[in-house]
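Below is one structure, written out as structure tokens; the observations come after it.
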Amino acid sequence: MSGPKGTYDVLPGSEFGATAAVREALLAPSRLAGYAYAEAPVFEATELFSRGVGESTDVVTKEMFTFSDRADRSLTLRPEGTVGVLRAALDAGLHKGQLPVKLRYAGPMFRAERPQAGRYRQFQQVGVEALGLDDPALDAEVVALAWQAYAGIGLRKVRLLLTSLGDAACRPAYRASLTSFLDGLELDEETRRRATLNPLRVLDDKRPELQAQLADAPLMVDALCDACRDHLTAVQAGLDALGVPYEAAPRLVRGLDYYMRTTFEFVHDGLGAQSAVGGGGRYDGLAELIGGPPLPGIGWALGVERTLLALKAEGLDAPGEPTLDVFVVPLGAPAKAHAVGLVGQLRAAGVAADLAYGDRGMKGAMKAADRSGAAYAVVLGDRDLEAGEAQLKDLREHAQVAVPLDAVVETLKEKLL
RNA sequence: GUGGGUGUAGCUCAGCUGGUAGAGCACCGGGUUGUGAUCCCGGUUGUCGCGGGUUCGAGCCCCGUCACUCACCCCA
């Protein structure tokens, strides 16, 4: 018995047990920067993705989970987050108010790919979108927030790759020159087809024999129009001012068609083949593509699983569940009834507390106390009840003292807070 | 979709040139009828992924199949 192919379960102690904590930690810098929480549906009309992400992309042509509802409408589980969040923002008319609109989100995405290390069919992303302005200072802020997300969680070996993909003014001419260059190469059938659909995507092929052929390929960064070049320079200046180091990556291409101008990716070298831990860019034409008004935007998405794998690769601990403060060990029925109430009082006082359920013996219950990670155990037997006290044991110092029953909560609060 | 690797206890794995399944960890109990983490003793857990074939006999050999895994394409 196991879940569907390419999925995993988040359970205590499992590989991705810290998913919720990592999501929160990665978005913390964005929350402080004014990015408000947003949530769009997990499924949308198929057309939204095919138009937004791009008909020619691998994501749309072979990786979508698509199904029909009972009225025969075609729906698709979201393969990425930007399109849905943008659709929601436009639907609500947020773009008619104060700009930029800053949003953050988190949740599962779905792609029907063959699973491998760091790649799943249902995976978690966190993301931000800044809508309504094409100010390069905003690009710098957005990129810096991702940088700070990784730094905040403790990662040190993340590298930022940055480039510009040009815009409607300069990309068509570049694309033509790249196409004629590729026409002069000997390419296999599959690559040739890709060269026709989107010649830029041939550039980041990993096969060494192909890379060798591409050594003299023309680069977008050398063919930028003045506006795009100025934009890129301003973004770089912004990152310098924010103290975010970046590497020029003139061959960087993203798999989603909507990117233009500022484009970036975060990579980590400890992950095996799937080294991208996050990525994003500017998508000024996307709003119109999905049927909205012209509206510039920039954003990123970071992979939660890959972030967790990167933490592991660096030997770092993932943020964990809060550990227990107190574990109560009752002996006998009257003591157990009292223990239930005591645990309730402790929790109400903000103390993380649990007790030994299941009427275990002293030894087993103490063992459970030890495994729980609690700093203190409260031993409460019928003998103690009669004496009006409880035994308070410091599990690390191995020291035990008797405390009057009505002072247990106060005593523990003092020791712990 | 293409290629490589691996499927044995809850977990990590051992299992010889084919002879009918083991260790460590974990869990439970006892040593200590009211004290954990240490120590000692004992105990529970298996359609050897599944189906077929060869053989007196298959965890081991052969065929098929499924799953997992890594890599390509692509991406988080």
Side-chain angles (χ1 to χ4, degrees), chain A residues 1-8 13-14 22 26 53 56-63 78-82 106-127 146 188-191 193-194 197-198 201-202 204-210 252-256 265-268 271-280 300-310 327 329-332 335 356 358 360-384 390-400:
Chain A
M1 201 166 62
S2 55
K5 191 183 191 68
T7 63
Y8 61 89
S14 68
V22 168
L26 287 175
V53 175
S56 73
T57 60
D58 283 20
V59 168
V60 168
T61 55
K62 55 180 198 188
E63 296 172 4
R78 63 183 180 199
E80 59 98 59
T82 298
M109 308 296 162
F110 306 83
R111 292 182 201 172
E113 295 182 275
R114 191 83 171 261
Q116 71 184 76
R119 191 167 79 186
Y120 301 90
R121 291 186 162 191
Q122 174 174 342
F123 58 99
Q124 294 275 340
Q125 288 188 333
V126 301
D188 59 273
E189 198 182 328
E190 179 65 35
T191 310
R193 184 142 29 92
R194 238 175 336 130
L197 277 173
N198 185 349
R201 301 226 330 271
V202 177
D204 72 344
D205 197 300
K206 279 188 219 164
R207 291 172 292 185
E209 64 275 16
L210 186 54
L252 178 65
V253 182
R254 317 232 62 238
L256 313 180
E265 191 164 291
F266 294 89
V267 297
H268 194 279
L271 294 190
Q274 307 305 319
S275 60
V277 290
W300 45 247
L302 313 184
V304 173
E305 297 83 3
R306 289 186 189 176
T307 299
L308 246 0
L309 293 170
F327 196 91
V329 174
L331 297 169
R360 302 171 57 134
M362 182 74 198
K363 184 171 179 143
M366 283 305 292
K367 204 169 212 174
D370 185 50
R371 308 258 158 104
S372 76
Y376 295 93
V378 173
V379 177
L380 188 62
D382 295 345
R383 182 201 299 171
D384 302 299
Q391 306 301 322
L392 177 56
K393 180 160 189 176
D394 183 324
L395 289 170
R396 308 218 168 95
E397 306 294 325
H398 318 287
Q400 182 167 310

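Naming: A, B, ... by sequence-line order, numbering from 1 per chain.
- Closest contact between the side chain of A:Asp205 and the listed nucleotides B:C73, B:A76, B:G34 involves B:C73.
- Residue A:Leu395 is in base contact, counting any heavy-atom pair closer than 4.0 Å across all strands shown.
- In this structure, A:Gln124 reaches neither bases nor backbone, as no heavy-atom distance under 4.0 Å exists between it and the strands shown.
- Rounded to whole Å, the separation between the P atoms of B:A76 and B:G7 comes to 34 Å.
- Distance check on atom C1': B:G31 versus B:A14 gives 32 Å, rounded to whole Å.
- Here the separation of B:A21 from B:U45, taken at their P atoms, is 14 Å to the nearest Å.
- Distances from the side chain of A:Lys393 to the nucleotides B:A76, B:U35, B:G34 place B:U35 closest.
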- Base-pair map of RNA chain B as dot-bracket, where | denotes pairing with a different strand and pairs are Watson-Crick or G-U under 3.5 Å: (((((((..((((.....[..)))).(((((.......))))).....(((((..]....))))))))))))....
- Task: Give the intermediate values and the outcome of side chain to side chain contact (heavy atoms under 4.5 Å, CB included) for residues A:Arg111 and A:Phe123.
- Result: CA-CA 8 Å; A:Arg111 292 182 201 172; A:Phe123 58 99; 3.7 Å; yes
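- Comparing the C1' positions of B:C66 and B:G51 gives a spacing of 10 Å, expressed to the nearest Å.
- In this structure, OG1 on A:Thr57 lies 9.5 Å from CG on A:Asn198, to the nearest 0.5 angstrom.
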- Item | Under 4.0 Å protein heavy-atom contact, by nucleotide of nucleotides 25-32 of chain B - B base, S sugar-phosphate only | --SS-BB-
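- Across B:G46 and B:A9, the matching C1' atoms stand 6 Å from one another, rounded to whole Å.
- Here the side chains of A:Asp370 and A:Leu395 are not in contact, with every heavy-atom distance at 4.5 Å or above.
- Residue contacts for A:Arg254: at a heavy-atom cut-off of 4.0 Å it reaches the sugar-phosphate backbone alone, with no base atom in range.
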- Message: Apply side chain to side chain contact (heavy atoms under 4.5 Å, CB included) to residues A:Val379 and A:Met362 and explain how you reach the verdict.
- Response: CA-CA 9 Å; A:Val379 177; A:Met362 182 74 198; 3.9 Å; yes
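- Remark: the separation of the C1' atoms in B:C48 and B:C61 is 16 Å, to the nearest Å.
- A donor-acceptor contact under 3.5 Å is not formed by the side chain of A:Glu265 with the base of B:A76.
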- What's the verdict on side chain to side chain contact (heavy atoms under 4.5 Å, CB included) for A:Arg306 and A:His268, showing C-alpha distance, side-chain angles and the deciding distance? CA-CA 9 Å; A:Arg306 289 186 189 176; A:His268 194 279; over 6 Å; no
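- Using P as the reference atom, B:G43 and B:G24 are 12 Å apart when rounded to the nearest Å.
- On the P atoms, B:C13 is 23 Å away from B:G4, given to the nearest whole Å.
- One N or O donor and one acceptor, one from the side chain of A:Gln400 and one from the base of B:U35, sit under 3.5 Å apart.
- A:Ala335 and A:Gly381 get closest at one heavy-atom pair: CB-C, 3.9 Å.
- When each of A:Arg396 and A:Ser275 is assigned the nucleotide of RNA chain B with its nearest heavy atom, A:Arg396 is the one assigned upstream, toward the 5' end.
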- Item | Residue pair A:Leu331, A:Asp384: steps toward the side chain to side chain contact (heavy atoms under 4.5 Å, CB included) verdict | CA-CA 10 Å; A:Leu331 297 169; A:Asp384 302 299; 5.9 Å; no
Listed pairs, N/O of protein and of nucleotides 67-70 of chain B, under 3.5 Å:
{"from": "B:C68", "atom 1": "OP2", "to": "A:Lys5", "atom 2": "NZ", "distance (Å)": "3.1"}
{"from": "B:C70", "atom 1": "OP2", "to": "A:Ala117", "atom 2": "N", "distance (Å)": "3.0"}

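- Looking at heavy-atom distances under 4.0 Å, A:Asp384 makes contact with a base.
- Distance, A:Gln274 CD to B:A71 C1': 9 Å, rounded to whole Å.
- Residues A:Pro108 and A:Gln124 are in side-chain contact: their nearest non-hydrogen atoms beyond the backbone lie under 4.5 Å apart.
- Nucleic acid contact class of A:Val379 (heavy atoms, under 4.0 Å, all strands): base.
- Within the 4.5 Å cutoff, the side chain of A:Glu80 has heavy atoms near those of the A:Val53 side chain.
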